[in-house]
Amino acid sequence: MKEPKRYLVTSALPYANGPLHIGHLAGAYLSADIFVRFLRLNGKDVVYVCGSDEHGAAITIRAKKDGTTPQAIVDKYDELIRTTFEKIGISFDIYHRTSAPIHHETSQEFFRTLNQKGEFIEQTKEQYFDVEANQFLADRYIIGTCPKCSHTEAYGDQCENCGSTLSPTELVDPRSTLSGGKPVLKSTTHWYLPLDKYEAWLREWVETGKLEGELLHYPEDWKNHVLGQCKSWLDGGLQPRAMTRDLDWGVDVPQEIEGSEGKKLYVWMDAPIGYISATKQWALDNGKDWEPYWKDKETALVHFIGKDNIVFHCLIFPAILKAHGDYIIPVNVPANQFLNLEGRKLSTSKNWAVWVHEYVAEFPGKEDELRYNMIKNMPEQRDSEFTWKGYQESNNNELVNNLANFINRVVVLTNKYYEGVVPTIDQDVQIVDSSNQIEMSYQESELVDLHDKLQDLGQHIRTYEFRAALKVLMEISSTGNQLLQFNEPWKMIKIDEAPVKVVMNTALQVVTALSVACRPFLPFTSDKIRDLLNLPHLKDEGEYMDILNKLSEGEVLIPDGHKIGTPNHLFTKIPDDVIEAQIAKLEAADKANKGVEYAPVKETISFDDFTKLDIRTGTILAAEKVKKTKKLLKITVDLGFEERTVVSGIAEFFKPADIVGQQVVLLANLAPRKLKGIESQGMILMAESPDGELGFVSPSEGIGNGFIVK
RNA sequence: UGCGCGGUAUUGUAAUUGGCAACAUGCUGGUCUCAUAAGCCAGCGCUACGAGUUCGAGUCUCGUCUGCGCAACCA
């Protein structure tokens with residue numbers, strides 16, 4: 001495969017329903033930003049697009065809850081997300097939004113074309129409709145009683161209690177989570193994309209990189225988990241997928257199509273096409289032509305996403321593009337895994353997150369410090385973790401002690417010895433090189449080494465190994481520290497000036513190289529280093545390529561006689577109290593969040609209904625984990641007059657050994673039921689907190705076993 | 001439950017085809033004084049468990065335990 005003529009890079013569209021947290025950054029934005037900044041520094045033709053995803057039911061529901069309009073919600077978060085990205089230095093060529101007219105037109109055009117080409121299948125199905133909320137309900141918005149285990153809080157697609165897969169119509173006594181009311185079945189027609197029809201070419205394309213005989217990518221360039229998940233889907237057999245929904249907030253199905261009334265495009269017929277409409281808007285704004293970026297085979301299309309989006313970007317969106325015709329499909333989808341925070345999953349609803357807009361407000365001027373730690377811990381191959389302690393350490397030990405300190409040493413010494421002027425050197429003077437060797441060590445050999453490292457760094461970025469690339473950057477800085485250390489210019493200056501000039505000149509070349517090489521990762525720092533060197537800021541127009549060329553031609557990067565600036569600390573240490581405050585804030589937010597939402601009170605029952613229940617006191621005699629299950633414990637309860645075996649889904653919260661002797665309250669006349677082959681004879685009553693934590697309900701001290709509870 | 005990706009030093013992470021287990025941090029000792037109590041040098045310490053294939057296994061196979069994800073509109 002040839003070097004592409006141009007690149008079109010996308011990051012997943014953030015949903016305009018909340019602010020950005022560090023998990024978003026780690027997933028789809030920082031990596032893409034590094035990639036495109038590097039391409040620009042190599043003089044490549046690249047367009048980087050993104051935008052707010054502003055449609056869908058969640059936004060409508062949110063608006064209803066907040067007593068406002070969907071448009072207001074979307075405007076608020078689009079603005080917040082947009083400025084947050086800008087502050088943290090994500091360098092989109094355009095950040096668009098899916099509410100823009102040009103996007104509605106583009107996605108409708110896609111739908112129209114697919115419809116005309118006969119790609120869709122129309123199907124009519126019965127779906128639950130919430131009369132009160134006046135909308136059809138997605139499976140997740142319906143809860144009811146599980147037909148298999150009688151769990152009363154089963155979702156429309158699955159029962160979390162027994163794990164069985166359900167369809168909403170199987171639920172006994174279904175109710176809407178929107179209004180709480182009983183939904184009615186109503187028939188509705190949708191357009192389905194027959195993904196099963198595309199399965200063969202999708203499989204060949206993903207697994208071999210070949211499409212219609214043409215090699216489009218090497219599968220070994222794709223990440224393991226990306227290939228794995230695609231194969232998993234393909235092996236499971238692709239199913240036709242509805243491309244329309246009954247919603248009132250989204251892109252209309254084109255009006256001239258029969259039956260389009262009240263129908264909106266499904267998110268996957270909407271959001272990814274946002275990449276295309278964003279490109280169109282960018283072209284309009286800049287007097288360019290958008291089409292080569294999406295239609296020319298010499299364009300490399302790269303989607304940066306989180307792992308939850310893999311199948312949509314690797315299978316469904318390519319299928320849509322190909323079904324439409326004329327469009328290219330992605331050459332790679334370097335999905336990242338997930339970032340955890342202090343040992344727990346990031347969660348917007350539980351407020352367990354570091355919000356990026358808060359970070360930039362609380363740590364002004366420290367954007368690169370966050371970027372650095374996040375790139376260092378980017379979940380490239382597996383889930384990884386952000387901790388405030390780790391952030392502090394990487395800042396203090398690596399950015400301050402290694403990088404900033406090296407640059408500061410060079411600037412200070414240059415000012416001290418040469419009044420800030422880059423010294424002219426004698427090429428024939430030997431120095432000690434950075435591996436502590438003196439044989440054949442002239443400035444030239446040291447600069448060859450620098451050239452190799454820069455090349456190595458670039459190679460890692462091209463193969464989406466951003467952590468490895470960052471490591472090389474820090475090695476360059478370490479090498480600089482060693483160069484100073486081994487040559488000890490502060491001693492040598494008293495003996496012989498010639499080698500000091502060589503060392504300082506070389507160190508200044510390294511600093512200049514760093515100002516360019518750090519650009520993709522630490523854009524703000526790049527500008528600061530350029531200021532220290534009294535060189536113009538980078539314009540991101542091929543400067544990386546330039547310095548590589550210069551080095552291979554044996555030219556210097558910063559000329560003799562150039563007057564540099566005065567010393568200034570690039571990074572400062574972050575003290576313990578700042579970190580402790582952040583951790584405390586996180587915990588406080590988490591605590592404040594607990595117990596906020598109460599489930600609504602259920603339907604009134606008669607006293608007779610209540611008396612049907614036989615509830616008894618008891619004590620746990622023994623407990624053991626049920627093999628091959630996550631949640632189940634087999635528990636033996638003493639009821640005084642007999643012992644009962646009960647299988648209970650509490651293993652996530654209690655260890656078997658800890659609950660022996662626990663007094664409990666047991667529903668004793670519940671119909672026995674087999675769970676994992678063990679007969680459960682009753683139900684231990686538990687209190688469940690709004691976020692799903694369980695606690696025992698137990699009689700007060702001194703109450704014996706087998707007593708009736710009423 | 002199926003399927004996918006994992007489990008590596010105190011901690012966080014690396015390891016093209018099976019071939020000396022690497023980097024950062026930490027800790028111990030040494031050294032330097034240009035620099036932000038920074039730098040540099042030396043040392044300490046590791047492949048979840050059990051089996052198999054192999055001259056050789058972190059890597060391949062099987063089993064066990066275990067984390068996460070997808071299926072199920074959170075990057």
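Everything quoted here is computed from the prediction, not taken from an experiment. In what follows, chains are A, B, ... by sequence order, proteins preceding strands, each numbered from 1.
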[X]/[Y] aromatic ring centres below 6.0 Å:
| X | Y | result |
| --- | --- | --- |
| A:F92 | A:Y48 | yes |
| A:Y29 | A:F85 | yes |
| A:W268 | A:H313 | yes |
| A:H190 | A:Y266 | no |

On the nucleotide [N], are OP1 or OP2 found under 4.0 Å from the side-chain N or O atoms that [X] carries?
| X | N | answer |
| --- | --- | --- |
| A:Q482 | B:rC41 | yes |
| A:R467 | B:rA14 | yes |
| A:H24 | B:rA75 | yes |

- request: May I ask you to establish whether A:K307 and A:F338 are in a cation-pi arrangement, using a distance under 6.0 Å from NZ or CZ to the six-membered ring centre and at most 45° from the ring axis?
  value: yes
statement: Per nearest nucleotide of RNA chain B, the residue lying toward the 5' end, A:G228 or A:L339, is A:G228
field: Along RNA chain B (nearest heavy atom to each residue), the more 5'-positioned of A:W233 and A:K471
entry: A:K471
Regarding [X], tell me which of base, sugar-phosphate or nothing describes its non-hydrogen contacts under 4.0 Å with the strands shown.
| X | result |
| --- | --- |
| A:E475 | nothing |
| A:W268 | nothing |
| A:N340 | nothing |
| A:K345 | sugar-phosphate |
| A:T387 | nothing |
| A:G56 | nothing |
| A:L346 | base |

message: Just the rounded figure in Å: distance from C1' of B:rU13 to OH of A:Y372.
response: 12 Å
message: Can you measure A:I310 atom CD1 to B:rC74 atom C1' for me and round it to whole angstrom units?
response: 15 Å
message: Quick check on side chain to side chain contact (heavy atoms under 4.5 Å, CB included): which of A:V410, A:I431, A:V432 does A:L483 satisfy it with?
response: A:I431
query: Can you tell me the Watson-Crick or wobble partner of B:rA42, both distances under 3.5 angstrom?
result: B:rU28
Looking only at atom [atom1], what distance separates [N] and [M], rounded to whole Å?
| N | M | atom1 | answer |
| --- | --- | --- | --- |
| B:rG7 | B:rU59 | P | 10 Å |
| B:rG4 | B:rC62 | P | 11 Å |
| B:rA15 | B:rC55 | P | 28 Å |
| B:rG19 | B:rA51 | C1' | 23 Å |
| B:rC5 | B:rC41 | P | 40 Å |
| B:rC27 | B:rU11 | P | 15 Å |
| B:rG67 | B:rU8 | P | 13 Å |
| B:rU31 | B:rC23 | P | 25 Å |

field: Listed nucleotide nearest any side-chain atom of A:Q337, set B:rA75, B:rC5, B:rC40
entry: B:rC5
- prompt: How far apart are the C-alpha atoms of A:F35 and A:F304, what are their side-chain angles, what is the distance that settles it, and do they pass the ring pair (Phe, Tyr, Trp, His ring centres under 6.0 Å) test?
  reply: CA-CA 10 Å; A:F35 190 69; A:F304 285 86; 5.6 Å; yes
- request: Measure up the A:W355 and A:H357 rings against each other and bin them: parallel (under 30°), tilted (30 to 60°), perpendicular (over 60°).
  value: tilted
Might you list the N or O atoms of the protein lying below 3.5 Å from N or O atoms in nucleotides 32-38 of chain B, with each pair's distance?
{"from": "B:rC34", "atom 1": "O2", "to": "A:R409", "atom 2": "NE", "distance (Å)": "3.0"}
{"from": "B:rC34", "atom 1": "N3", "to": "A:R409", "atom 2": "NE", "distance (Å)": "3.3"}
{"from": "B:rC34", "atom 1": "N3", "to": "A:R409", "atom 2": "NH2", "distance (Å)": "2.6"}
{"from": "B:rC34", "atom 1": "N4", "to": "A:R409", "atom 2": "NH2", "distance (Å)": "3.1"}
{"from": "B:rA35", "atom 1": "O3'", "to": "A:N408", "atom 2": "ND2", "distance (Å)": "3.2"}
{"from": "B:rA35", "atom 1": "O2'", "to": "A:N405", "atom 2": "OD1", "distance (Å)": "2.8"}
{"from": "B:rA35", "atom 1": "O2'", "to": "A:N408", "atom 2": "ND2", "distance (Å)": "3.1"}
{"from": "B:rA35", "atom 1": "N3", "to": "A:N405", "atom 2": "ND2", "distance (Å)": "3.4"}
{"from": "B:rA35", "atom 1": "N3", "to": "A:R409", "atom 2": "NE", "distance (Å)": "3.0"}
{"from": "B:rU36", "atom 1": "N3", "to": "A:F571", "atom 2": "O", "distance (Å)": "2.7"}
{"from": "B:rU36", "atom 1": "O4", "to": "A:F571", "atom 2": "N", "distance (Å)": "3.4"}
{"from": "B:rU36", "atom 1": "O4", "to": "A:F571", "atom 2": "O", "distance (Å)": "2.5"}
{"from": "B:rA38", "atom 1": "OP1", "to": "A:K573", "atom 2": "NZ", "distance (Å)": "3.3"}
{"from": "B:rA38", "atom 1": "O2'", "to": "A:N401", "atom 2": "O", "distance (Å)": "3.2"}
{"from": "B:rA38", "atom 1": "O2'", "to": "A:N405", "atom 2": "ND2", "distance (Å)": "2.7"}

